[in-house]
Structures are given as C-alpha cells and as structure tokens.
Amino acid sequence: MRSLLALALLCSTTLAQAAVQTREIPYQDADGQRLVGYYAYDDALDVKRPGIVVVHEWWGLNDYAKRRARDLAALGYSALAIDMYGDGKNTEHPQDAQAFMATAMKDPKAAAKRFDAGLELLQLQPYTDKDKLGAVGYCFGGKVVLDAARRGEPLAGVVSFHGALATQTPATPGSVKAKVLVEHGAADSMVTEQQVEAFKKEMDAAGASFEFVSIPGAKHGFTNPDADRLSHGGHGGPDIGYSKAADESSWADMQAFFQKVFD
C-alpha cells in the first residue's frame, strides 16, 4: 500500500511540474521580412511529436491564435503559430485587418514564402517530427493552409476553420498531397454558396482527399469567443459570431482527423 501511495504521489508531482511551455521566436522569410513565431509544446513528453502550423485570422497574430497553439500543444503536438503580416502585428479594427490581409495576399508567391518560413521554423524545433507535419488555419488562415495544400506542401493534413475558399492559385490534378478537412459555417455570409461549390469541384478535379463539414447555423468566426465583441465593436464590424457548439464539434473533428492522418 505504501509503495502504491508513493507511486501515486510521484505521478501527481510529475504531472504538476509538467506544463505547456511557450516562447516567441523571431525569424525571417526568404525576402528578409522580420516575423515572430509563437511556439508551444508539452514538456511532459520527452519525445518527438507531429508538428502543426497555426495560421491566424485576418486580425493577425493575436492572443487567440496563440491560444490555439497552446491547445494543440496540450493535445501532444509541437505547435507553432506563425506570422503572415510581419513583426507579429495584429489589430481589432476591421479596416486595418482588411488592409493587412490584402497586403499579405497581394502576391501569392510572397505569401507562400511566409508560410514556408514558418513551416521550416517548426521543423527546426527539437520536439518536432519532421515526417509528420500538418497545418490549421482560421478565417484568412484557413485560406493560407488550403493554398499550401493546393501547391503540394509536404503536409500530412490541413484543417480550415471558417476559412476563405476562393483562391488565385487553384489546385491542379495531383497537386494536393495533404488530406484536407474544411469546417465551414452554413450561415457564413462571407463565403458564398458558389464559392463552396467551386471549391468542391476544384478538389474533386484535383483528385484530392478532402472532407467538407457544413455546420448548421454557424457564422463566420464561429470558433473565436471574441467574435461577437469584434462584430459589434462600434466600428462596422464584420458579420461574425461565436458558437460554442460549432467550436467544440469542429475541434473534435480536427482531433479525429489528425489522429487518423498521423497514425
């Protein structure tokens, strides 16, 4: 009995000491733009584990994107929230967000370089299994990870949460190597039915392995608890809204997806 009690105390002490660790990591893209990554991992796991890139919403690398990196780390992944705007900048004003996003996506090749720089940084982390890589993106970030899949990045799987589906660089037959999961709000007024159908046809024509989940009643931004506040911020906020049920169901879908992809 004493030995069992001692073992239980040892385990509880170890668990209390183990925690998700985070740090900011400055890096650059191929054009020399200064970027800031936010890395998270669980120090209770002294092994390499799959790495997942997190791409922020159009608001930029804010606390929400960083929280998602921590959430993934708590699940046992090596997670890096990357910076698509430069210098880690972010905003809560939709006009600024629109301007940041337009600048970042003006040149698809430059946007690809910024994603690649983040992916390379994740691969450099000692806890990352370089042979098991994935990406998740929210809103603007959903488009970024889908574009990464379209051009054949070395990713096992990508997940888009309420992401933009239209693209300047559509997939071609055989170009999509990653498995794809799209979590879409059926009440998303920022993504048209035509864009949904065009995306599905594009993936089918490319021969991609993809799953499209349409969540009834969910609006754009349904995973972000700040969406309601940002929608009614007194400055003409976008038509977005949080849904706890949609957030939880899409997160559960993502977990099952990556477990299958990395198995």
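The chain is numbered in sequence order, starting from 1.
- Across all non-hydrogen atoms, the minimal contact from S160 to G142 is OG-CA, 3.5 Å.
- Other residues, nucleotides and ligands contribute over 12 non-hydrogen atoms within 6.0 Å of the NZ atom of K66.
- Separating the CE atom in M254 from the CZ atom in F258 is a distance of 6.5 Å, to the nearest 0.5 Å.
- Counting only N and O atoms by type, the side chains of T223 and Y64 include a donor and acceptor under 3.5 Å apart.
- Using cut-offs of 30° and 60° for the angle between ring planes, the H220 and H162 rings count as perpendicular.
- A heavy-atom distance below 4.5 Å is not found between the side chains of H184 and S250.
- Within 6.0 Å of CG in D107 there are more than 12 heavy atoms belonging to other residues, nucleotides or ligands.
- Side-chain contact between I82 and V55: present, with at least one pair of heavy atoms (C-beta onward) separated by less than 4.5 Å.
- Panel note: side chain S175, backbone A171; no donor-acceptor pair is recorded below 3.5 Å.
- Ring centers of Y39 and Y41: under 6.0 Å apart, within the cut-off.
- Considering CG of D83 and CD1 of I25, their distance stands at 12.5 Å, rounded to 0.5 Å.
- Aromatic rings of F140 and H56 (six-membered ring for Trp) have centroids within the 6.0 Å cut-off, being under it.
- Hydrophobic clustering (side-chain heavy atoms under 4.5 Å, transitive across Ile, Leu, Val, Met, Phe, Trp, Tyr) keeps M105 apart from Y138.
- Shortest non-hydrogen contact noted between R49 and D42 is NH1-O, 3.4 Å.
- V53 has its side chain out of reach of V145: every pair of non-hydrogen atoms, C-beta onward, lies at least 4.5 Å apart.
- Rounding to the nearest 0.5 Å gives a distance of 9.5 Å between CZ of F210 and CD of E202.
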Inset, instruction - Would you please test L181 and F212 for side-chain contact (heavy atoms from CB on, under 4.5 Å) and show each step? - result: CA-CA 6 Å; L181 171 64; F212 193 98; over 6 Å; no

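- Distance check, rounded to the nearest 0.5 Å: CG of L230 to NE2 of H93 gives 11.5 Å.
- Distance CD/Q195 to NZ/K200: 13.0 Å, rounded to 0.5 Å.
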Inset, instruction - Quick one: do I52 and L133 satisfy side-chain contact (heavy atoms from CB on, under 4.5 Å)? Show the steps, please. - result: CA-CA 6 Å; I52 299 180; L133 301 171; over 6 Å; no

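- Atom NZ of K89 sits in a crowded spot, with more than 12 heavy atoms from other residues, nucleotides or ligands closer than 6.0 Å.
- Residue R114 comes nearest to M84 through the heavy atom pair NH1-O, 2.8 Å, listed as atom of the first residue, atom of the second, then distance.
- K219 approaches I240 most closely through the heavy-atom pair NZ-O, 4.2 Å.
- G221 and A227 make their closest contact through O-CB, 3.5 Å (heavy atoms, listed as atom of the first residue, atom of the second, distance).
- Comment: E153 engages R151 in a salt bridge, judged by a side-chain N to carboxylate O separation of less than 4.0 angstrom.
- Partners of Y38 by ring-ring contact (aromatic ring centres under 6.0 Å, His included), not counting sequence neighbours: none found.
- Between D147 and K143 there is a salt bridge, since a side-chain N of the basic residue sits under 4.0 Å from a carboxylate O of the acidic one.
- The pair D263-K260 does not meet the salt-bridge criterion, since no charged nitrogen lies less than 4.0 angstrom from a carboxylate oxygen.
- V54 has its side chain within reach of L72: a pair of non-hydrogen atoms, C-beta onward, lies under 4.5 Å apart.
- Looking at T128, its side chain never comes within 3.5 Å of a backbone N or O of K130 through a donor-acceptor pair.
- Placement of V213 and V159 within a single hydrophobic cluster is found when ILVMFWY residues are connected by side-chain heavy-atom separations under 4.5 Å, directly or transitively.
- Proximity of D253 to F161: side-chain heavy atoms (C-beta onward) are nowhere separated by under 4.5 Å.
- Donor-acceptor pairing under 3.5 Å is recorded for the side chains of R23 and Q125.
- Side-chain contact annotation: D247 with Y242, donor-acceptor N/O pair under 3.5 Å present.
- Put simply, CG on L35 and CD on Q28 are 8.0 Å apart, with the number rounded to the nearest 0.5 Å.
- Here the side chains of L155 and L119 are in contact, with some heavy-atom distance below 4.5 Å.
- Without hydrogens or angle criteria, S231 side chain to P238 main chain gives a donor-acceptor distance under 3.5 Å.
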Legend entry - Test log, rule side-chain contact (heavy atoms from CB on, under 4.5 Å), inputs I215 and F222: CA-CA 10 Å; I215 306 173; F222 62 78; 3.8 Å; yes

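- Under the 4.5 Å side-chain heavy-atom criterion for Ile, Leu, Val, Met, Phe, Trp and Tyr, L75 and V136 are members of the same hydrophobic cluster.
- In the hydrophobic clustering of this structure, W58 groups with L146; members are Ile, Leu, Val, Met, Phe, Trp, Tyr whose side-chain heavy atoms approach within less than 4.5 Å, directly or through other members.
- Electrostatic pairing of E197 and K201 does not count as a salt bridge here, judged by no charged N lying under 4.0 Å from a carboxylate O.
- Tracing side-chain contacts under 4.5 Å through hydrophobic residues (I, L, V, M, F, W, Y), one reaches V180 starting from L165; they form part of the same cluster.
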Legend entry - Criterion salt bridge (Lys or Arg N to Asp or Glu O under 4.0 Å) on R34 and D87, from CA distance to verdict: CA-CA 6 Å; R34 181 182 183 274; D87 293 317; 3.2 Å; yes

Inset, instruction - List the steps and the verdict of side-chain contact (heavy atoms from CB on, under 4.5 Å) for D226 and W59. - result: CA-CA 11 Å; D226 289 329; W59 308 112; over 6 Å; no

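- Within the 3.5 Å criterion, the main-chain N or O of A19 finds a donor-acceptor partner in the side chain of D43.
- Using a distance-only test at 3.5 Å, with no hydrogens or angles considered, a donor-acceptor pair links the side chain of N90 to the main chain of L61.
- Looking at K179 and E211, no side-chain N of the basic residue comes within less than 4.0 Å of a carboxylate O on the acidic one, giving no salt bridge.
- Of all heavy-atom pairs between A149 and V158, the closest is CB-CG2, 3.9 Å.
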